[in-house]
Protein chains: 2
Amino acid sequence: MQDILFDFISKYITLTEDEKNAILSVDIFRSVKKGTVLLKEGQSSKDSYFVLKGCIRTYYDLDGEEKTTGFYTEMEALTPPCVISKTPSEYYISCVEDTILTVSNSDMEEEVNAKFPRFETMCKILSEQLLAKERINFDEFKTSSPEQRYLNLLEKRPDLIQRVPQYQLASYLGMKPESLSRIRARITEKNKG
Amino acid sequence: MQDILFDFISKYITLTEDEKNAILSVDIFRSVKKGTVLLKEGQSSKDSYFVLKGCIRTYYDLDGEEKTTGFYTEMEALTPPCVISKTPSEYYISCVEDTILTVSNSDMEEEVNAKFPRFETMCKILSEQLLAKERINFDEFKTSSPEQRYLNLLEKRPDLIQRVPQYQLASYLGMKPESLSRIRARITEKNKG
DNA sequence: ACAACTTGTTCACTTAAGTTAAGAAATGAA
DNA sequence: TTCATTTCTTAACTTAAGTGAACAAGTTGT
């Protein structure tokens, strides 16, 4: 199970056995049931997550309405903004599926950094890459129509469309469930004719 | 002029005189005229920018149409995705105003890192913060209507509305210039009635 | 097996954004 | 200053998404 974590890290730096042990000595592997809420709105937290298996989702509650803004699946890491800003969380995180993940905080990170400083270099590279990727995603979102965004998701993360309820996908794509339903109908219609 | 740079850095770490000199010895300050194109689509580049004074903008050319996706003003840093991915750039960067900025690349960064390792820590923290901020921006964009997005920009970055042409703002807000014009008319109408 | 709840689809209707085109206003260059 | 270009606004029309409601299908718990 921890192999997934080391596979991930090996994309950035090569770990020695000692370094692997340094990580294992602090990392907490956790198994959470579908529907479990990991973080609530208004809650303060220092925890970052790394998904080994399953899917977690971030969503806001705007006047009683759920607005889903992110999905994190295998090999994806999430440090909620509230951890960075040190303010209460503005959103919820919950598990879309039964999920296995690691939970860590900055103290643990420092502990690992102390044992091998290359870890910090890796974290820097990782967050630079995530930032670049996030900006490209945002750019694509801004420059395309709801229909194009759905088609784009279909291409980039087809798994999500299978494993996540439509109403969550809809707000993730910036539209209402009814619109998504219509778009899907329109597309299958096109493919027929 | 370089005070702006040191003011910025001082938000993250306190610099000694030696460290300031280490930065000045590699950093390139550059003055660019309004309209200058810093990066072209298809071009490969290793340069990161930090705006000291002025405004630069990122935009795509999609079938001859300009799609603006970002503005970077005083105290804002931009490392184009092509620098991270090491592939040709998918977008253009140009100057909205006469601009003073620093241009640096990863070699220079390493040079500074070698002289004081705390610089790397700062870069890590910075990009983690930028990532958190970018995600919140994206979330806000996804969960709001074009009109709300305009109002949000009016609140968060009122300067942009003054210093940037409307048609660039429009695509930055994910809409057509005509729509932005209508939205503005609708809002001033509301404020009257 | 049944009721209760969740999820997805459909429909009729409303609202807002996209499109096309024309003209006004601002900007810049000669 | 004048002319040309760029930028912004307006209007009529088209298209697509939002809204509210009803219903069907699927799931969960008892």
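To find a chain, count down the sequence lines: A is the first, B the second, and so on, and within it residues start at 1.
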What protein N or O atoms touch nucleotides 25-30 of chain C N or O atoms at under 3.5 angstrom, if any, and at what distances?
{"unit_1": "C/dG28", "atom_1": "OP1", "unit_2": "B/Lys34", "atom_2": "NZ", "d": "3.4"}

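- Taking the C1' atoms of five terminal pairs at each end of the helix from C/dA1-D/dT30 to C/dA30-D/dT1, the two resulting helix axes are inclined by 50°, rounded to 10°.
- A salt bridge between A/Asp98 and A/Lys34 is absent, with no side-chain N of the basic residue lying under 4.0 Å from a carboxylate O of the acidic one.
- Legend: residues meeting side chain to side chain donor-acceptor pair (under 3.5 Å) with A/Ser179, ordered by chain and number and at least two apart, are A/Arg182.
- The shortest non-hydrogen separation linking B/Leu78 to B/Pro80 is O-CD, 3.7 Å.
- Aromatic ring centres of B/Phe8 and B/Phe50 lie closer together than 6.0 Å.
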Salt bridge (charged side-chain N to carboxylate O under 4.0 Å, His left out) between B/Arg157 and B/Glu76, worked out:
CA-CA 13 Å; B/Arg157 301 184 71 180; B/Glu76 291 184 328; 3.2 Å; yes
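- Nucleotides of DNA chain D lying under 4.0 Å from heavy atoms of chain B occupy a range whose first and last members, 5' to 3', are D/dT7 to D/dA12.
- Every side-chain contact (heavy atoms from CB on, under 4.5 Å) that A/Ile4 has, sequence neighbours left out, goes to A/Leu52, A/Met75.
- Atom CZ in A/Arg184 sits roughly 14 Å away from atom C1' in C/dT10 (whole-Å rounding).
- Aromatic ring centroids of B/Tyr91 and B/Tyr59 lie 6.0 Å or more apart.
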List the steps, then state whether salt bridge (charged side-chain N to carboxylate O under 4.0 Å, His left out) holds for A/Arg135 with A/Glu140.
CA-CA 9 Å; A/Arg135 283 190 169 151; A/Glu140 283 176 348; over 6 Å; no
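- Cation-pi geometry between B/Lys142 and B/Phe138 is satisfied (NZ or CZ under 6.0 Å from the ring centre, within 45° of the ring normal).
- Under 4.0 Å is where a charged nitrogen must lie from a carboxylate oxygen, and between A/Glu19 and A/Lys115 no such pair does.
- Within the cation-pi definition used here (under 6.0 Å to the ring centroid, within 45° of the axis), B/Arg184 does not qualify as a partner of B/Tyr150.
- Residues from residues 159-182 of chain B with heavy atoms under 4.0 angstrom of DNA chain C, sorted by number: B/Met175, B/Lys176, B/Glu178, B/Ser179, B/Arg182.
- Not less than 6.0 angstrom separates the ring centroid of A/Tyr72 from the ring centroid of A/Tyr49.
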